Each structure stands twice: as structure tokens, then as C-alpha cells.
Amino acid sequence: MTPSPNTRKTILAIVLCSISLLLPIGVSLQLSWTQSETSARNESFSYARDVLRRAEKTSDQMVDAVKRVHAAHLPHCSEAELTLMRDIDLDSDYVQAIGRINNNTIACSSVTGQTSVPLHDPNFVAENGLAQYLNVRITVGQWRPLNIFALNGLAVITDPELPLDVSLDERDLNIAIVTPMTNKPNIVASRGEQLDPRWVRSIPRGTERSYAVDGYLVTAIRSSRYDLMVLVAVPRQHMYRKVKQIALIFVPLGVLCGAGLIWAGMYLARARSSFDSRLKAAIRRKEFYVEYQPIVDLRTERWTGAEALVRWRQGDTIIRPDYFIPMAEDRHLIRRITELVIDRVAEDLPEILKLDPAFKVAINLSPDDLRSQDTITMLERLLAIEIVCAANLEIEATEHAFADGQETRRVMEQIRSLGITVAIDDFGIGYSSLSRLQSFRFDTLKIDKSFVDSIGTDSVTSDVVLHIIDLARLLKLSVVAEGVESEAQASQLRAYGVKLAQGWHYSRSLPLPVLLDSMRSRIED
Ligand code: G
Ligand code: G
Ligand code: MN
């Protein structure tokens, strides 16, 4: 079984709803992901720069300390030299101690005095001879391991924690100071997880980089002055966390809204299809009938004609055309309604004309009607009725109908060639331009009620009605004023030279028997 157009529309609606909901969620997740990646990167860079600055300062102080000891030329490990070392020690905040070293043994130092302290082999000796002893304990009371850097018999003792002692907002940042080397990086100091050798990449001196390594966002910055590099590694997990928080709020919310929208969509689709089937059933059962609103000569108050207005009777309720006509037009069901209206007029017209052979009935046509050749056939059938002639008929169409192209023009011309006059309905509220007025030929202009309402008020549109009347006169059109509700409006329109009017001041729309009765009693008067 192939799906019905309605099923297809419903599916389309659901798909569109889902896309329109998931898209913003997806985009916001993507955005928050990029955003959290960017902020993690920026954070890492700022930590890395801070740590590098401290590590360089440590190196500066080490170099300075060594220079001062050498420059003093004091006897090695003499009381004088130890005093100098203690002074230097106090001057420099990153240097913990300074001493003499020989054969992996501290001979004397500012903290141990003359006591010698044996060390293990250096962890690393650089090309320039700088030996690094990492995580060493030199006194009994020392509460955390120290690093010793030795060159030319002098040892500078530092606290590896100090350069790393930046305040961390983020718990799971891993920081390491390394001396970059060809194969195995030498970790001078670190905090957090064990450094993964893959985090270390060779970058030029004085530069910084950021790259992803297997679940981590790594930021590397290399000193321009020392053989030092700082690495900050953030687990990507850490970035997911923020995104997850957003997702936890938005995805269920989106799904909920989506479900609501889909439900509403299905509800509307069902309501729509039920309206469709109601309307179709009404057409089949011919539940439509026509009422006639008289069109009146403003001077004599004679009824010269009437507009046929369709009504839908559903049981005891009457449904107004302003509700169902636009929907019927939308569903392209209007032509079948027009056909019913013309059928009713065909039945009613002979009775009306028996009372007044010059009476003119106006029939409303929709854009679809004006595109269809069937309309001509229907009108010809009306004209074939013995008592009916073309002067008894007028068709009304709104400006929207005139917006259409060639076919409409052809049908309109055919109607006029039958001798039936054409009126523009609700004139002034649509989008007719003067060029359109010239390109379609028509006979009557029906001034929309809103302009008639403004007569005698000081609203901006109160002058417009005059211009419309002037325009009609210029184009040699007859004018019908719609929605006349008071004698004041009627007398103004008379003064403006308008001949015909329609409105509650004269009569509401009447069912045929009432129309005929009224016509009879008027003839008798
Ligand atoms: O008077 P009433 O509320 O019935 O009119 C409401 C609107 O419905 C008016 O704009 C009128 O032009 C339109 N209308 C009434 N009858 C018909 C009809 O038979 N066909 C079309 N296309 N429109 C109609
Ligand atoms: O096709 P058209 O839009 O001209 O249909 C006329 C519409 O205006 C119908 O809905 C009809 O009921 C309504 N109408 C006709 N005369 C009056 C009137 O004097 N006052 C008001 N408020 N509505 C009117
Ligand atoms: Mn009308």
C-alpha cells in the first residue's frame, strides 16, 4: 500500500520537527565543545607560561649564585666561603642551598656545613657537563626531595616544587618541567600523572605549541634562554565534563520539546485531515446553500441586485465562509464549492428574475476558479436558462486572483466576452498596483469595508476612499461601497457620487425566501 499524502505530510512534519530540534542541540553541543577546548587550551598556555617564568627565574638565580661563589675566589669549603654561600642562599628565593661537590659527594654546603653527603650517580649529565641529581635527600629533617645541579665543583640545590607552585583551579592538570633532549626527556619536576614520553615533542626554542596526544590536550612551551621546556597535559575527559553538563540539560529538554512538537504536529495533521474529510463529505452531501445580500442604489434605495454568499449548514450550526473558504482554497476544494454555489444560483435566479428581470446577482470566484475552463462552462449553463441574460450576472474576485498570470487573464476575458461583468472585491486591501488594474479589464470596483468605516473619521485612510472613487471614475468603473452601516456613511458616499452600496444599514444577507418576500413587499410599496 502506498502511503497517503497525509501520512507522507505527517512523516515529513515529524522529520522536520526532529531536525529543527536536534540541529540547535547539536550546534550548541558543538559550540560548547569548541568553547571548552579553547578555554582549556588558553588555561594551559597561561599555566605553562607561569611555570616556565618561574623555572627560568630559578635558573637565573642558579647562574647568579655560581658566578658569585667563583668570583669570590675563597678557599673551598672555608668558613668564609660557607658564609658567602649562606648569604647567597638568603638572597635568592628559588635557591635552597649551595655547596661544593666532588665525586658525587657534597663536600660542604650552606645547609649541611662541613658535613659531607654522598649522592647517587647523577640522573643526567648535559653536554656542557651540568650534572642533575633529582629527588635527593641531603639532611635528615628534610621534608621533601630536592634537585641538585652541579657544574665545575659547585652544587646548587633547588626545590623542584617551587616553580610548579602555581595556584591551580583545575585539579586534573598535569604539569612537567623537562630538559628537552633528543630521545628520552629528562623530568626536572612534575606534578600530577606520570609524564607520558609521547607528550614531549621537539619544538624550537622560544615557541609554544598545543597538540592532542591520545586522550590529552598537551601544551608545550620551550624557553628561549635555557634548555627547559614546560608541558601541561589536560585529559580530554576534563573537557567532556562541561559539555556533558550542557548535554544533560539540553538533550532531555530538546527531546521533550520534540515529543511535544511531534504530538502537536500529529494532532494538527489529524485535525487537518478530519477537516478535509468533513469538507469533502459536506460537498458530497451538498450541505452548502446561498444567502443574498442586497446591493442598493444609494439615491433611490432600490435593490438593484445582490451578492450570493455561501453558507455551510452543519446540523443546527451555520459555518461562516471566512472560516472555511480560505481552507477550501488551500486544499483546492473550492471549485467544487463554487460549482454548488452556481447550481444554487441557477435554481434561485429564475424566481428572483420573475420579480425583477433587471436584478443582478454577483458570484464570488476564487483564484482556482479563475484558472479553470470549467468555470466558463458553468457560467454558460447559467446563461442557458431561459430567463437569465448576461446582465443578470456579475463575478467578484479579490485582488489576489488578479495577481495570477495568463490563464486567469484568458478566463477573465472569456467571462467578459459572455457579457458578464467582473468586479474587484475588497478593493484597497490587497496588493493591486495600477499596472495590474490596467492589464486586467474589469467593470466594477468594490470598495472594502475598512475604507467605508473610515469615512467621517480623522483616520489616515479617510481620504483614501476619495482617491479610490476618483480612480474608478478615471477608469470608467462602477463603484459599490461595501459594509455601509450608517446613514452618515451613506450620505457621504452619495455626496462623493457613489451609486451603489451594500451593508447592514440596508440589509444583511438573506435566505432566498426572505429575499423574495422583501422584494415583493418593496414592489407593492
Ligand atoms: O458575508 P460573509 O461573511 O458570508 O463573507 C465572507 C467572505 O467569504 C467574503 O469575503 C466573501 O467574498 C467570501 N465568500 C462568500 N461566499 C463565497 C463563495 O461562494 N465563493 C467564494 N470564493 N468566496 C465567498
Ligand atoms: O465578499 P465580501 O468580502 O464582500 O463579503 C462581504 C462580507 O462582509 C460578508 O462577510 C458580510 O457578512 C460582511 N458584511 C456585509 N455588510 C456588512 C456590514 O455592513 N457590516 C459588517 N460588519 N459586515 C458586513
Ligand atoms: Mn464578495
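We're numbering straight along the sequence, starting at 1. Order of listing sets the numbers, starting from 1, for every ligand and every atom in it. Just so it is clear, the model here is predicted, and its values are computed rather than measured.
- In this structure the side chain of Ile221 never reaches within 4.5 angstrom of the side chain of Tyr47, judged on heavy atoms.
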Which protein N or O atoms sit under 3.5 Å from any N or O of ligand 1? Give each pair with its distance.
| from | atom 1 | to | atom 2 | distance (Å) |
| --- | --- | --- | --- | --- |
| ligand 1 | 3 (O) | Arg320 | NH2 | 2.7 |
| ligand 1 | 3 (O) | Asp322 | OD1 | 3.4 |
| ligand 1 | 4 (O) | Arg311 | NH1 | 2.4 |
| ligand 1 | 4 (O) | Arg311 | NH2 | 3.2 |
| ligand 1 | 12 (O) | Asn364 | OD1 | 3.2 |
| ligand 1 | 16 (N) | Val310 | N | 3.0 |
| ligand 1 | 20 (N) | Asn364 | O | 3.4 |
| ligand 1 | 22 (N) | Ser366 | OG | 2.9 |

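- By the 6.0 Å contact criterion, CZ on Arg336 is open, its count of non-hydrogen atoms from other residues, nucleotides or ligands being 12 or less.
- Between the side chain of Arg222 and the backbone N or O of Ile203 there is at least one donor-acceptor pair closer than 3.5 Å.
- Counting only N and O atoms by type, the side chains of Thr421 and Lys360 include a donor and acceptor under 3.5 Å apart.
- In summary, the atoms of ligand 2 found under 4.0 Å from a heavy atom of Gly503, numbered by their order in the structure, are 16 (N), 19 (O).
- Remark: side-chain polar atoms of Thr304 are not paired, donor with acceptor, to backbone N or O of Asp297 under 3.5 angstrom.
- Taking 2.8 Å as the limit, the number of protein N, O or S atoms around the Mn ion (ligand 3) is 4.
- Salt bridge present: Arg494 and Glu487 bring a charged side-chain N and a carboxylate O closer than 4.0 Å.
- Using a 4.0 Å cut-off between charged side-chain N and carboxylate O, Lys449 and Glu485 make a salt bridge.
- At least one donor-acceptor pair closer than 3.5 Å links the side chain of Tyr211 to the backbone N or O of Trp199.
- Pairs engaging residues 290-320 under the ring pair (Phe, Tyr, Trp, His ring centres under 6.0 Å) rule: Phe288-Trp312, Trp312-Phe324 [sequence neighbours left out].
- Every residue two or more places apart in sequence or in another chain was checked for a ring-ring contact (aromatic ring centres under 6.0 Å, His included) with Tyr496, and none qualifies.
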